[in-house]
Amino acid sequence: MAARARTAMITRKTNETEIEVFINLDPGSGFVQTIDISTGIGFLDHMYHALAKHSGMSLTLKAKGDLWIDDHHTADNALISACALTQDTAIALGTAFKQALGEVRGIRRYGTGFAPLDEALSRAVIDICSRPYCVTDLGIKREKIGDLSTEMFPHIFYSFAMASGCTLHVDVLRGQNDHHRAESAFKALALAIRQAIERTGGNDVPSTKGVL
């Protein structure tokens, strides 16, 4: 019996953002991995691309939000819109991930990833358990990296964890360059996800309770 295709497509619309996500957790099953990210925030695109690439998933994520400033849009309003878009993309991604995964059955459930980027090293641990929780320690000191406010990084991981129903711990263990610290954190999460969603070949629920 062929394994179920683990894919999902969702649309999330709010008063501030409109987001479309398509995810395929198994692009290697006769498909080429495809990644197409467009949020309007360059560094956020870069992080989501790294997450998709190293987790092995195919991901299309398109987001629209009011990110520009003119006579009718103050800098403060633009910042609020950028924060809303960043958080909403993580919620949409987590929702699509949970939908694509389906019932937690026949997978490893736990995943751990270590990812270096030059002098930086990050660790991520994930438990696909339907008990959402998130702890991050990133140690990033800059206010922005590229056009992305660094205070949003913990919100991205938290929003993904809450929407996907996962327990998530992300720690940057060392690093001098904040760009490297952030990118290694996303890559570590990607490796943890890749391990956790790996099929075991069985059909059991990976819990002593028999249900997750």
Side-chain angles (χ1 to χ4, degrees), residues 6 8 21 23 25 43-44 46-57 59 61 83 86-142 145 148-200 205-209 211-212:
R6 298 189 294 181
V21 178
I23 191 171
L25 300 181
F43 195 73
L44 183 62
H46 182 40
M47 294 301 95
Y48 281 145
H49 194 281
L51 180 67
K53 180 64 177 179
H54 297 287
S55 66
M57 69 176 71
L59 176 64
L61 192 158
C83 291
T86 302
Q87 191 167 14
D88 283 348
T89 57
I91 293 171
L93 180 58
T95 301
F97 177 83
K98 183 176 183 179
Q99 184 176 318
L101 197 59
E103 184 181 7
V104 182
R105 180 183 292 273
I107 63 169
R108 294 186 64 172
R109 173 181 166 180
Y110 298 100
T112 302
F114 286 86
L117 180 55
D118 295 345
E119 87 296 346
L121 176 65
S122 294
R123 175 189 62 216
V125 184
I126 192 169
D127 177 12
I128 302 174
C129 58
S130 301
R131 294 191 307 279
Y133 201 87
C134 184
V135 179
T136 59
D137 186 0
L138 308 180
I140 294 175
K141 297 180 175 62
R142 286 169 56 180
I145 301 177
L148 179 60
S149 173
T150 57
E151 69 180 5
M152 293 309 299
F153 288 126
H155 292 289
I156 292 170
F157 294 124
Y158 176 86
S159 297
F160 176 81
M162 295 302 109
S164 64
C166 295
T167 291
L168 180 61
H169 293 253
V170 182
D171 298 276
V172 178
L173 304 178
R174 64 177 64 93
Q176 300 299 317
N177 183 299
D178 281 346
H179 181 142
H180 294 171
R181 293 176 75 94
E183 187 168 344
S184 68
F186 276 84
K187 289 178 176 178
L189 175 57
L191 296 175
I193 288 173
R194 188 168 193 151
Q195 185 180 89
I197 66 175
E198 182 182 341
R199 297 185 193 268
T200 62
V205 175
S207 171
T208 56
K209 294 183 291 187
V211 64
L212 285 171

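Remember, predicted model here, so these are calculated numbers, not experimental data. Note: hydrogens, waters and symmetry copies are ignored here, and every other heavy atom, side chains too, is used. Quick note: residue numbers are just sequence positions, from 1.
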Report all side-chain donor-acceptor pairs from residues 96-104 shorter than 3.5 Å, counting only partners two or more places apart or in another chain.
residue: Glu103; atom: OE1; partner: Arg105; partner atom: NE; Å: 3.4
residue: Glu103; atom: OE2; partner: Arg105; partner atom: NE; Å: 3.3
residue: Glu103; atom: OE2; partner: Arg105; partner atom: NH2; Å: 2.9

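- Of all heavy-atom pairs spanning Gly111 and Ala196, the tightest one is N-CB, 3.7 Å.
- Thr150 meets the side-chain contact (heavy atoms from CB on, under 4.5 Å) test with Ile140, Ile145, Phe153; sequence neighbours excluded.
- Counting only heavy atoms from C-beta outward, the side chains of Ile107 and Arg6 approach each other to under 4.5 Å.
- To the nearest 0.5 Å, atoms CE (Met152) and CD (Gln87) are separated by 5.0 Å.
- Atom CG of residue Leu25 and atom CD1 of residue Ile193 lie 9.0 Å apart, to the nearest 0.5 angstrom.
- Between Leu59 and Ala52 the shortest heavy-atom distance is CB-CB, 3.8 Å.
- Atom CD1 of Ile126 sits about 10.5 Å away from atom NE2 of His169, to the nearest 0.5 Å.
- Residues satisfying the side-chain hydrogen bond (donor to acceptor under 3.5 Å, both in side chains) test with Asp178, not counting sequence neighbours, are none.
- Between Asp127 and Arg131, the shortest heavy-atom distance links the atoms OD2-NH2, 4.1 Å.
- Counting all heavy atoms, side chain and backbone alike, Arg109 lies closest to Cys129 at NH2-CB, 3.7 Å.
- Residues passing the side-chain hydrogen bond (donor to acceptor under 3.5 Å, both in side chains) test with Thr89, sequence neighbours excluded: Tyr48.
- Of the inter-residue distances, the one linking Glu183 atom CD with His54 atom NE2 reads 7.5 Å to the nearest 0.5 angstrom.
- To the nearest 0.5 Å, atoms OG1 (Thr136) and CG (Leu189) are separated by 11.5 Å.
- Val21 and Ala92 make their closest contact through CG2-CB, 3.8 Å (heavy atoms, listed as atom of the first residue, atom of the second, distance).
- Every salt bridge (Lys or Arg N to Asp or Glu O under 4.0 Å) that Arg108 has, sequence neighbours left out, goes to Glu198.
- Between Phe160 and Ser164 there is a side-chain heavy-atom pair separated by less than 4.5 Å.
- For Pro116, the side-chain contact (heavy atoms from CB on, under 4.5 Å) partners at least two apart in sequence or on another chain are Leu121.
- In this structure, CG on Leu51 lies 10.0 Å from CD1 on Ile156, to the nearest 0.5 angstrom.
- Residues meeting the ring-ring contact (aromatic ring centres under 6.0 Å, His included) test with His179, sequence neighbours left out: Phe43, His46.
- Partners of Arg199 under the salt bridge (Lys or Arg N to Asp or Glu O under 4.0 Å) rule, at least two apart in sequence or in another chain, are Asp26.
- Screening residues 154-166 for salt bridge (charged side-chain N to carboxylate O under 4.0 Å, His left out) gives no qualifying pairs among residues at least two apart or on separate chains.
- For residues 117-138, no residue pair satisfies the ring pair (Phe, Tyr, Trp, His ring centres under 6.0 Å) rule, not counting sequence neighbours.
- The side chain to side chain donor-acceptor pair (under 3.5 Å) contacts involving residues 110-124 comprise Glu119-His180, Ser122-Ser184, Arg123-Asp171, where partners must be two or more places apart or lie in separate chains.
- The side-chain hydrogen bond (donor to acceptor under 3.5 Å, both in side chains) test applied to His155 returns no partner, not counting sequence neighbours.
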Run the side chain to side chain contact (heavy atoms under 4.5 Å, CB included) check on Met57 and Ile197 step by step: do they pass?
CA-CA 10 Å; Met57 69 176 71; Ile197 66 175; 5.7 Å; no
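- Minimum heavy-atom separation, Leu191 to Phe114: CD1-O, 3.4 Å.
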